[in-house]
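Right, one structure below, let's go through it.
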Amino acid sequence: VPSVPIQYGELPNVPVGATFANRRALHAAGVHRPLQAGIDFAPGQAAASVVLSGVYPDDDHGDAVDYTGQGGLEPGTSRAIADQKLVLGNAALIRNRNWGVPVRVIRKVGGVFRYDGLYSVDEFRRERYASDGFLRCRYGLSALTRSAPWVARDQATEPLRVEQTVLRIVRDTAVTREVKRLYEFTCQMCRIVLPTPVAPYAEAAHIKPLGGRHHGRDALDNVLCLCPNDHVLFDWGAITVLPESLTITGEAVLEGRQLLTVPAHHIDLMNFDYHREAIFVPIVDRVDR
Ligand SMILES: [Zn+2]
(Lines give C-alpha, C1' and ligand atoms only; values in the text may rest on other atoms or scores of the structure.)
Protein backbone atom coordinates (compact mmCIF):
# COMPACT_ATOMS: atom_id res chain seq x y z
CA VAL A 1 0.00 0.00 0.00
CA PRO A 2 1.66 3.28 -1.07
CA SER A 3 1.85 5.95 1.57
CA VAL A 4 -0.45 8.87 0.88
CA PRO A 5 -0.17 11.95 3.14
CA ILE A 6 -3.17 12.88 5.23
CA GLN A 7 -5.18 15.80 3.84
CA TYR A 8 -7.90 17.77 5.59
CA GLY A 9 -10.95 19.49 4.17
CA GLU A 10 -12.12 19.58 0.58
CA LEU A 11 -9.75 18.02 -1.91
CA PRO A 12 -9.03 19.44 -5.35
CA ASN A 13 -10.68 17.37 -8.07
CA VAL A 14 -12.95 15.56 -5.60
CA PRO A 15 -16.36 17.23 -5.82
CA VAL A 16 -19.17 16.34 -3.47
CA GLY A 17 -20.90 13.30 -4.96
CA ALA A 18 -17.71 11.80 -6.46
CA THR A 19 -17.82 8.00 -6.33
CA PHE A 20 -15.09 5.41 -5.90
CA ALA A 21 -15.30 1.74 -6.77
CA ASN A 22 -13.66 0.45 -3.60
CA ARG A 23 -11.56 1.30 -0.57
CA ARG A 24 -8.34 1.09 -2.57
CA ALA A 25 -9.61 3.79 -4.92
CA LEU A 26 -10.53 5.97 -1.92
CA HIS A 27 -7.02 5.42 -0.61
CA ALA A 28 -5.32 6.29 -3.90
CA ALA A 29 -7.27 9.55 -4.18
CA GLY A 30 -6.37 10.50 -0.61
CA VAL A 31 -10.05 10.75 0.26
CA HIS A 32 -9.82 8.05 2.95
CA ARG A 33 -6.52 6.25 3.39
CA PRO A 34 -7.17 3.21 5.61
CA LEU A 35 -8.37 0.18 3.69
CA GLN A 36 -10.49 -1.15 6.54
CA ALA A 37 -10.71 1.32 9.43
CA GLY A 38 -13.63 3.73 9.35
CA ILE A 39 -11.67 6.74 10.65
CA ASP A 40 -8.68 8.28 8.87
CA PHE A 41 -6.41 10.22 11.24
CA ALA A 42 -2.76 10.97 12.00
CA PRO A 43 -1.26 10.40 15.47
CA GLY A 44 -2.03 13.32 17.78
CA GLN A 45 -4.08 15.03 15.07
CA ALA A 46 -7.73 15.37 14.15
CA ALA A 47 -9.46 12.91 11.85
CA ALA A 48 -9.67 13.75 8.14
CA SER A 49 -12.49 11.44 7.07
CA VAL A 50 -14.96 8.80 8.17
CA VAL A 51 -16.70 6.05 6.21
CA LEU A 52 -20.27 5.11 7.04
CA SER A 53 -20.41 1.51 5.97
CA GLY A 54 -22.92 -0.06 8.27
CA VAL A 55 -20.50 -2.12 10.38
CA TYR A 56 -21.37 -0.01 13.39
CA PRO A 57 -24.90 1.19 14.05
CA ASP A 58 -24.60 4.76 12.81
CA ASP A 59 -27.80 6.71 12.90
CA ASP A 60 -27.63 8.30 9.49
CA HIS A 61 -30.11 11.10 8.90
CA GLY A 62 -28.36 12.65 5.92
CA ASP A 63 -27.21 16.08 7.08
CA ALA A 64 -27.11 14.85 10.70
CA VAL A 65 -25.25 11.68 11.60
CA ASP A 66 -24.83 10.01 14.96
CA TYR A 67 -21.52 8.27 14.30
CA THR A 68 -20.20 5.36 16.34
CA GLY A 69 -16.48 5.14 17.06
CA GLN A 70 -14.22 2.17 16.39
CA GLY A 71 -13.22 -0.89 18.35
CA GLY A 72 -14.81 -3.20 20.88
CA LEU A 73 -15.99 -5.76 18.34
CA GLU A 74 -15.27 -9.45 18.07
CA PRO A 75 -12.86 -9.74 15.12
CA GLY A 76 -14.66 -10.23 11.84
CA THR A 77 -18.09 -9.65 13.33
CA SER A 78 -20.29 -6.75 14.38
CA ARG A 79 -20.75 -8.19 17.88
CA ALA A 80 -19.55 -5.97 20.75
CA ILE A 81 -17.32 -7.71 23.27
CA ALA A 82 -15.70 -4.71 25.04
CA ASP A 83 -16.11 -1.01 25.76
CA GLN A 84 -14.80 1.27 23.03
CA LYS A 85 -11.69 3.13 24.19
CA LEU A 86 -10.74 6.76 23.69
CA VAL A 87 -7.75 5.91 21.54
CA LEU A 88 -6.72 6.21 17.89
CA GLY A 89 -9.57 7.39 15.68
CA ASN A 90 -11.95 7.75 18.61
CA ALA A 91 -9.58 10.25 20.25
CA ALA A 92 -8.94 11.97 16.91
CA LEU A 93 -12.64 12.74 16.41
CA ILE A 94 -12.73 14.46 19.80
CA ARG A 95 -9.90 16.71 18.56
CA ASN A 96 -12.09 17.58 15.56
CA ARG A 97 -14.72 18.82 17.95
CA ASN A 98 -12.28 20.63 20.23
CA TRP A 99 -10.43 22.35 17.38
CA GLY A 100 -13.32 22.95 14.97
CA VAL A 101 -11.85 20.76 12.21
CA PRO A 102 -14.48 19.12 9.97
CA VAL A 103 -14.30 15.60 8.54
CA ARG A 104 -15.05 14.31 5.08
CA VAL A 105 -17.96 11.89 5.14
CA ILE A 106 -18.02 8.95 2.75
CA ARG A 107 -21.02 6.69 2.43
CA LYS A 108 -21.22 3.24 0.95
CA VAL A 109 -24.12 3.47 -1.46
CA GLY A 110 -25.13 0.74 -3.88
CA GLY A 111 -21.77 -1.00 -3.74
CA VAL A 112 -19.67 2.13 -4.34
CA PHE A 113 -18.21 4.75 -2.00
CA ARG A 114 -19.51 8.30 -2.39
CA TYR A 115 -17.92 11.45 -1.01
CA ASP A 116 -20.75 13.41 0.63
CA GLY A 117 -18.98 16.57 1.77
CA LEU A 118 -17.65 18.04 5.01
CA TYR A 119 -19.29 17.59 8.38
CA SER A 120 -18.52 19.30 11.66
CA VAL A 121 -18.12 17.20 14.81
CA ASP A 122 -20.46 18.96 17.20
CA GLU A 123 -20.83 16.53 20.06
CA PHE A 124 -19.14 13.63 21.80
CA ARG A 125 -20.70 11.37 24.36
CA ARG A 126 -20.28 7.86 25.68
CA GLU A 127 -23.33 5.66 25.53
CA ARG A 128 -23.84 2.32 27.24
CA TYR A 129 -26.01 0.11 25.09
CA ALA A 130 -28.72 -1.71 26.98
CA SER A 131 -28.52 -4.58 24.47
CA ASP A 132 -25.02 -5.69 25.47
CA GLY A 133 -23.89 -3.40 28.31
CA PHE A 134 -20.84 -2.02 26.49
CA LEU A 135 -19.87 1.63 26.08
CA ARG A 136 -19.75 3.14 22.60
CA CYS A 137 -18.14 6.42 21.59
CA ARG A 138 -20.78 8.47 19.83
CA TYR A 139 -20.29 11.62 17.76
CA GLY A 140 -22.87 14.08 16.53
CA LEU A 141 -21.90 15.16 12.99
CA SER A 142 -23.66 17.79 10.92
CA ALA A 143 -23.19 18.77 7.30
CA LEU A 144 -21.47 22.11 6.70
CA THR A 145 -23.13 24.46 4.28
CA ARG A 146 -21.75 24.21 0.79
CA SER A 147 -21.67 28.01 0.47
CA ALA A 148 -18.76 28.32 2.90
CA PRO A 149 -16.26 25.63 1.96
CA TRP A 150 -13.62 24.78 4.52
CA VAL A 151 -10.14 24.59 3.04
CA ALA A 152 -7.01 23.51 4.88
CA ARG A 153 -4.09 25.62 3.68
CA ASP A 154 -0.63 24.32 3.07
CA GLN A 155 0.94 24.49 6.51
CA ALA A 156 4.43 24.83 5.03
CA THR A 157 3.64 28.13 3.34
CA GLU A 158 1.04 29.80 5.53
CA PRO A 159 -0.70 29.23 8.82
CA LEU A 160 -3.56 26.77 8.90
CA ARG A 161 -6.77 28.75 8.62
CA VAL A 162 -9.78 27.15 10.12
CA GLU A 163 -13.29 28.37 9.60
CA GLN A 164 -14.75 27.89 13.04
CA THR A 165 -18.27 26.93 13.76
CA VAL A 166 -19.79 27.93 17.08
CA LEU A 167 -19.51 24.78 19.13
CA ARG A 168 -20.72 25.99 22.49
CA ILE A 169 -23.78 28.18 22.44
CA VAL A 170 -24.13 30.30 25.56
CA ARG A 171 -27.85 30.85 25.76
CA ASP A 172 -29.35 33.76 27.62
CA THR A 173 -32.60 32.59 29.17
CA ALA A 174 -34.42 33.30 32.39
CA VAL A 175 -32.81 30.19 33.87
CA THR A 176 -29.28 31.16 32.92
CA ARG A 177 -29.77 34.69 34.24
CA GLU A 178 -31.18 33.33 37.48
CA VAL A 179 -28.27 31.00 38.25
CA LYS A 180 -25.77 33.84 37.68
CA ARG A 181 -27.82 36.06 39.99
CA LEU A 182 -27.91 33.38 42.71
CA TYR A 183 -24.12 33.09 42.72
CA GLU A 184 -23.40 36.75 41.89
CA PHE A 185 -21.35 35.54 38.90
CA THR A 186 -19.07 33.44 41.12
CA CYS A 187 -17.79 30.20 39.56
CA GLN A 188 -19.17 27.31 41.60
CA MET A 189 -15.96 25.36 40.99
CA CYS A 190 -12.96 27.71 41.30
CA ARG A 191 -14.88 30.61 42.94
CA ILE A 192 -13.46 33.22 40.58
CA VAL A 193 -15.51 36.28 39.63
CA LEU A 194 -14.33 37.65 36.29
CA PRO A 195 -14.51 41.42 36.30
CA THR A 196 -15.14 43.06 32.94
CA PRO A 197 -15.58 46.82 32.33
CA VAL A 198 -19.32 47.09 33.01
CA ALA A 199 -20.31 43.83 34.70
CA PRO A 200 -18.83 40.56 35.93
CA TYR A 201 -18.95 37.65 33.50
CA ALA A 202 -20.00 34.06 34.12
CA GLU A 203 -21.64 31.32 32.10
CA ALA A 204 -24.54 29.03 32.87
CA ALA A 205 -23.48 25.44 32.24
CA HIS A 206 -26.11 22.79 31.67
CA ILE A 207 -25.21 19.64 33.57
CA LYS A 208 -27.16 17.33 31.21
CA PRO A 209 -26.66 19.09 27.88
CA LEU A 210 -29.63 20.54 26.04
CA GLY A 211 -28.60 19.66 22.53
CA GLY A 212 -28.18 16.60 20.40
CA ARG A 213 -29.19 13.32 21.95
CA HIS A 214 -28.84 14.38 25.57
CA HIS A 215 -32.28 15.93 26.04
CA GLY A 216 -31.34 17.90 29.15
CA ARG A 217 -33.77 20.51 30.42
CA ASP A 218 -33.27 24.26 30.56
CA ALA A 219 -34.19 24.38 34.22
CA LEU A 220 -32.54 25.77 37.33
CA ASP A 221 -31.96 22.26 38.72
CA ASN A 222 -29.85 21.44 35.62
CA VAL A 223 -27.52 24.47 35.49
CA LEU A 224 -24.35 25.62 37.21
CA CYS A 225 -22.78 29.07 37.32
CA LEU A 226 -19.23 28.59 35.97
CA CYS A 227 -16.30 30.59 34.64
CA PRO A 228 -15.64 29.95 30.94
CA ASN A 229 -12.57 27.79 31.68
CA ASP A 230 -14.39 25.44 34.00
CA HIS A 231 -17.40 25.45 31.66
CA VAL A 232 -15.22 24.02 28.88
CA LEU A 233 -13.61 21.47 31.21
CA PHE A 234 -17.07 20.38 32.33
CA ASP A 235 -18.72 20.30 28.89
CA TRP A 236 -15.82 18.39 27.38
CA GLY A 237 -15.61 15.79 30.11
CA ALA A 238 -12.36 16.73 31.86
CA ILE A 239 -14.13 17.20 35.18
CA THR A 240 -17.34 16.09 36.81
CA VAL A 241 -19.11 16.46 40.13
CA LEU A 242 -19.70 13.44 42.34
CA PRO A 243 -23.37 13.63 43.33
CA GLU A 244 -22.92 11.90 46.68
CA SER A 245 -20.42 14.47 48.00
CA LEU A 246 -20.67 17.37 45.51
CA THR A 247 -16.90 17.24 45.09
CA ILE A 248 -15.12 17.85 41.81
CA THR A 249 -12.94 15.20 40.21
CA GLY A 250 -10.88 14.71 37.05
CA GLU A 251 -8.46 17.62 37.01
CA ALA A 252 -5.54 18.29 39.38
CA VAL A 253 -6.27 21.87 40.44
CA LEU A 254 -9.93 21.22 41.22
CA GLU A 255 -9.62 17.62 42.44
CA GLY A 256 -11.55 17.09 45.65
CA ARG A 257 -12.84 20.66 45.87
CA GLN A 258 -16.39 21.13 46.99
CA LEU A 259 -18.93 22.57 44.57
CA LEU A 260 -20.12 25.94 45.85
CA THR A 261 -23.87 25.84 46.46
CA VAL A 262 -26.48 28.15 47.93
CA PRO A 263 -29.68 26.96 49.63
CA ALA A 264 -31.93 28.57 47.01
CA HIS A 265 -30.37 26.46 44.25
CA HIS A 266 -31.81 22.95 44.13
CA ILE A 267 -29.78 20.72 41.80
CA ASP A 268 -31.23 17.50 40.42
CA LEU A 269 -28.40 15.08 41.30
CA MET A 270 -29.52 12.63 38.60
CA ASN A 271 -28.07 15.10 36.10
CA PHE A 272 -24.61 14.55 37.63
CA ASP A 273 -25.09 10.79 37.26
CA TYR A 274 -25.78 11.35 33.56
CA HIS A 275 -22.80 13.68 33.18
CA ARG A 276 -20.46 11.18 34.83
CA GLU A 277 -21.41 8.36 32.46
CA ALA A 278 -22.04 10.14 29.16
CA ILE A 279 -19.75 13.19 29.23
CA PHE A 280 -16.98 12.70 31.79
CA VAL A 281 -13.91 10.75 30.72
CA PRO A 282 -12.27 9.08 33.74
CA ILE A 283 -8.53 9.64 33.99
CA VAL A 284 -7.85 5.91 33.50
CA ASP A 285 -9.54 6.14 30.09
CA ARG A 286 -7.38 9.03 28.90
CA VAL A 287 -4.65 6.83 27.54
CA ASP A 288 -4.20 8.69 24.24
CA ARG A 289 -3.65 12.28 25.36
ZN1 LIG B 1 -14.07 28.46 37.53
Side-chain angles (χ1 to χ4, degrees), residues 86 91 94-100 121-126 140 164-212 214-286 288-289:
L86 289 188
I94 295 174
R95 297 186 192 103
N96 290 78
R97 179 200 59 180
N98 292 7
W99 300 342
V121 182
D122 304 327
E123 179 192 297
F124 167 71
R125 70 185 190 281
R126 304 211 293 178
Q164 292 273 1
T165 45
V166 176
L167 297 175
R168 293 169 55 256
I169 300 166
V170 180
R171 297 171 180 82
D172 181 41
T173 66
V175 163
T176 66
R177 283 193 297 275
E178 176 65 6
V179 78
K180 294 175 206 174
R181 191 193 66 78
L182 280 176
Y183 290 94
E184 298 175 317
F185 295 84
T186 306
C187 175
Q188 287 179 255
M189 292 188 175
C190 71
R191 279 123 170 112
I192 199 170
V193 181
L194 283 181
T196 70
V198 291
Y201 179 81
E203 296 181 354
H206 289 86
I207 302 168
K208 185 175 185 179
L210 297 180
H214 301 292
H215 306 304
R217 293 165 57 243
D218 188 30
L220 198 55
D221 64 9
N222 187 39
V223 290
L224 300 174
C225 180
L226 297 182
C227 70
N229 284 2
D230 289 332
H231 192 182
V232 171
L233 292 178
F234 188 71
D235 275 4
W236 288 359
I239 51 179
T240 195
V241 176
L242 303 176
E244 55 274 18
S245 57
L246 291 184
T247 54
I248 301 159
T249 189
E251 192 274 325
V253 172
L254 293 169
E255 186 72 37
R257 287 196 72 168
Q258 188 81 19
L259 188 74
L260 176 68
T261 54
V262 294
H265 185 204
H266 169 75
I267 302 172
D268 181 351
L269 298 180
M270 296 282 282
N271 293 323
F272 284 131
D273 288 328
Y274 181 86
H275 186 273
R276 177 153 48 163
E277 173 150 296
I279 309 290
F280 178 61
V281 178
I283 290 169
V284 293
D285 290 345
R286 302 178 199 177
D288 196 48
R289 285 195 292 175

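Remember, it's 1-based here, ligands and their atoms both numbered in the order they're listed. None of these values were measured; they are calculated from a predicted model.
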Go through the side-chain N and O atoms of His275 and Asn271 and say whether any donor and acceptor fall under 3.5 Å apart.
-> no
Partners of Arg126 by side chain to side chain contact (heavy atoms under 4.5 Å, CB included), sequence neighbours excluded?
-> Phe124, Leu135, Pro282, Asp285
Any side-chain donor paired with an acceptor under 3.5 Å for Thr249 and Glu255?
-> yes
Does atom CZ of Arg217 have more than 12 heavy-atom neighbours from other groups under 6.0 Å away?
-> no
Any Phe272 side-chain heavy atom under 4.5 Å of Leu242 side chain = no
Heavy-atom closest pair, residues Pro243 and Leu269 | O-CD1, 3.8 Å
Protein N, O or S atoms lying under 2.8 Å from the Zn ion (ligand 1), listed by chain and number = Cys187 SG, Cys190 SG, Cys227 SG, Asp230 OD2
